[in-house]
Each structure stands twice: as structure tokens, then as C-alpha cells.
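These notes concern the structure reproduced below.
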Amino acid sequence: MCDELTQGHENEQRAPGVVSRREFTALGAGAATVALSGCSGMTRVRQNARELAERTVQVTTADGIADGFFVHPAKGSFPGVLMWPDVGGLRESFRIMARQLADSGFAVLAVNQYYRAARAPVLTSFAEWRTPSGQERLRPMIAAVTSAATIRDALAFTAFLDGQPAVDTSRRIGTCGYCMGGPAAVRTAAAGPTRVGAAASFHGANLVSDDPDSPVNLIARTQAAFLFAIARNDDARQPEAKSELKAACDAARLPAEVEVYPADHGWCVPDNPSYDPNAADKAWQRMEALLARL
């Protein structure tokens with residue numbers, strides 16, 4: 001599993017400037033202060049200077065009913081973005097990240113990839129994944145998130161976005177994924193090549209293999225611009241992956257930014273023990289530059 005590389009970080013001393021999970025939770029609660037309650041279960045919030053609208057949604061897929069978190073600027077229509085969480089699933093850290101992206105002018109759907117087994121949050125924090133009970137609970141859920149299932153889900157999730165008034169359907173959809181969500185972002189681009197225009201993978205897991213269904217081998221089926229932000233310890237384990245990803249994008253004549261970051265697997269997600277705020281900020285800025293293509 002991709003997040004095995006974060007094992008052992010739990011008890012390490014944090015670097016200067018890295019927030020703890022407790023600090024992050026408090027910060028996130030303050031960033032999402034509720035201002036008004038709207039109709040149909042929608043809550044209006046204000047983050048920075050932009051008013052946002054958010055709600056929990058249900059999306060009908062080929063396999064059942066998936067729950068997700070949908071957030072967007074309260075007025076107008078904007079490019080849609082599909083956000084795939086890491087192995088810990090949809091939880092407060094990803095709701096906060098979705099709000100932050102919405103505040104930049106996107107309509108964001110963060111999804112529960114484990115909906116076949118349970119509604120979100122399956123885990124309330126990444127720390128639970130490090131417990132025997134958390135791993136035992138997630139293993140069968142992870143096994144159900146197959147390549148084919150992800151593609152089916154991606155089609156349903158992008159169709160949901162296209163059905164929302166807050167989504168500007170004259171512009172293409174973007175997608176981003178973290179850890180196990182990295183391959184899901186590539187699969188989303190392959191599932192809807194004419195609709196998905198940008199895909200970002202952050203410390204993505206198992207992106208390159210000889211399997212015909214490997215994400216690297218699906219790039220030729222896409223029409224997207226790509227961002228692959230690779231963790232240094234993932235690169236150390238599979239140093240050829242970065243070159244193979246770039247070569248696949250070049251062969252498909254697709255723009256791609258492939259970079260190894262000076263941070264460890266999981267660095268982009270604030271409740272992960274490997275969180276690195278400086279590297280995370282850079283990765284976020286590169287994602288926003290990618291999504292500006294939409």
C-alpha cells in the first residue's frame with residue numbers, strides 16, 4: 001500500500017512550521033466558519049473574501065450511491081474539479097482542501113471512494129490508518145476500488161459535475177488525486193478524454209507498471225495536461241517512474257510537468273505525518289496553474 005512509506009513518521013519530531021493534526025483541525029474549523037444556512041440542506045460559508053456554498057451530495061453510480069462533498073463559489077459557474085482522496089478517504093482534511101480550491105474559483109467534488117462499504121468519513125483522521133483496527137477495516141474497502149470500478153465511478157462523478165448549475169460546462173473538467181487517488185486522476189482523464197482537460201497526481205501510488213491497465217499506459221487514451229508531483233522516497237523506490245511518465249506524455253503529445261519534490265510520501269495532506277507546508281504550497285500553486293488551462 002502506498003502509505004506504508006509514512007509508517008514510522010508518527011513519532012518523529014516535526015520540522016519547524018509543520019502543523020500538528022490538532023493544530024490543523026483547529027485551523028480547519030476556523031477556516032470553515034458557517035455564515036448562513038440556505039435551502040435544500042446547503043450551507044453558505046465564507047472563506048477569505050469569497051462566499052462559498054457547500055453540501056453533502058449523493059451520486060448514483062453503476063455500483064450504488066456514492067456520497068461526496070460539493071463546494072463552489074456561491075454565485076456564478078466555474079470549471080468543475082473532481083478530487084480523489086488518499087487511502088484515509090474523504091474526511092475533514094479533504095473538505096478543507098476542497099474549500100480552498102473552491103475559493104480559487106472552482107466547483108469541487110471531493111468523493112468517498114469507499115462508498116460501496118460505508119459513508120464518509122470512514123476514518124476521521126489519517127492517524128487511524130496507522131492502527132491495526134483501521135488497517136483491518138480499510139483493506140477490503142481498498143480491494144473494492146479496482147481500476148474498472150474507478151473508471152465507472154469517474155464517469156458518474158464527471159456526469160454529476162456537468163449537471164450542476166455551478167459548473168461551467170463550456171470549460172473542461174479537472175481532476176486531482178492523492179496517494180491512491182493519483183492513479184484515479186489518470187483513470188478519470190482516460191474515462192472521459194474529451195471532457196477532462198487537466199489531471200494532477202500528488203505522491204500517486206503505483207502509477208507505472210507493465211500492466212496494460214497501469215496509469216502510465218492509459219495516458220495515450222487521454223487528452224489532458226498532466227502534473228505528476230512525486231515524493232522523494234517514492235522516487236528512490238522506483239526512480240524510472242518519472243522518466244516513463246514523461247515519455248508517455250511526450251509520446252501522446254500532451255503537456256506534462258513531472259517533478260520529484262524534496263518531501264516524503266503524503267506531504268500534501270495536512271493531517272498526514274509527512275506533511276511539508278512549503279512543498280505542499282508549491283504543489284498547490286502548480287495545480288492551480290494546471291487548472292488555469294481549463
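Keep in mind the model is a prediction, meaning the values are calculated, not measured.
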### Query
So, H265 versus N233: side-chain donor-acceptor pair below 3.5 Å or not?
no
### Message
Which label fits F202 and Y178: parallel for a plane angle under 30°, tilted from 30 to 60°, or perpendicular past 60°?
### Response
parallel
### Query
Would a 4.5 Å heavy-atom cut-off, applied to side chains only, mark H203 and V269 as touching?
yes
### Nearest atoms (heavy-atom pairs only) where P73 meets A102
CG-O, 3.5 Å
#### Entry: Test item: R119 and T56 side chains (from C-beta on) under 4.5 Å apart, heavy atoms
yes
### Query
Is the side chain of E244 donor-acceptor paired with the backbone N or O of V208 at a distance under 3.5 Å, no angle test?
no
### Query
Is R99 salt-bridged to E54, going by a charged N under 4.0 Å from an acidic O?
yes
### Query
Judged by modelled atom types alone, do T188 and W84 share a side-chain donor-acceptor pair under 3.5 Å?
yes
### Message
Has R232 got a side-chain atom pairing as donor or acceptor with P262's backbone, closer than 3.5 angstrom?
### Response
yes
### Task
Over all heavy atoms of both residues, which pair between L90 and V111 is shortest? Give the atoms and the distance, please.
CB-O, 3.6 Å
### Task
Using modelled atom types only, decide if a donor and an acceptor are shared between the side chain of R187 and the backbone of I151 within a distance under 3.5 Å.
no
### Query
Hey, what's the ring geometry for F226 with F228, parallel, tilted or perpendicular (30° and 60° as the breaks)?
parallel
### Task
Mind checking side-chain contact (heavy atoms from CB on, under 4.5 Å) for S104 and listing every partner two or more places apart, or none if nothing turns up?
F106, E288
### Message
Is there a side-chain contact (heavy atoms from CB on, under 4.5 Å) between L291 and L101? Walk through the geometry before answering.
### Response
CA-CA 10 Å; L291 296 177; L101 192 54; 3.9 Å; yes
### Query
Counting N and O atoms only, with roles assigned by atom type, does the side chain of Q113 sit under 3.5 Å from a partner on the main chain of D86, one being a donor and the other an acceptor?
yes
#### Entry: Check: R172 side chain, V196 main-chain N or O, donor-acceptor pair, under 3.5 Å
yes
### Query
Taking side chain as C-beta onward, heavy atoms only, is P270 less than 4.5 Å from M97?
yes
### Task
Check for a donor-acceptor pair, side chain of S214 on one end and backbone N or O of N217 on the other, with a separation under 3.5 Å.
no
### Query
Is there a side-chain contact between N112 and F69 (heavy atoms, below 4.5 Å)?
no
### Closest non-hydrogen atom pair, R221 against P193
O-CB, 3.3 Å
### E136 atom CD, over 12 foreign heavy atoms within 6.0 Å
no
### Task
Would you please test Q164 and L109 for side-chain contact (heavy atoms from CB on, under 4.5 Å) and show each step?
CA-CA 11 Å; Q164 304 307 305; L109 175 64; over 6 Å; no
## Note on the structure
Partner of E259 under side-chain hydrogen bond (donor to acceptor under 3.5 Å, both in side chains), picked from K246, K282, R286, is K282
#### Entry: Test item: side-chain donor near acceptor, D153 and Y115, under 3.5 Å
yes
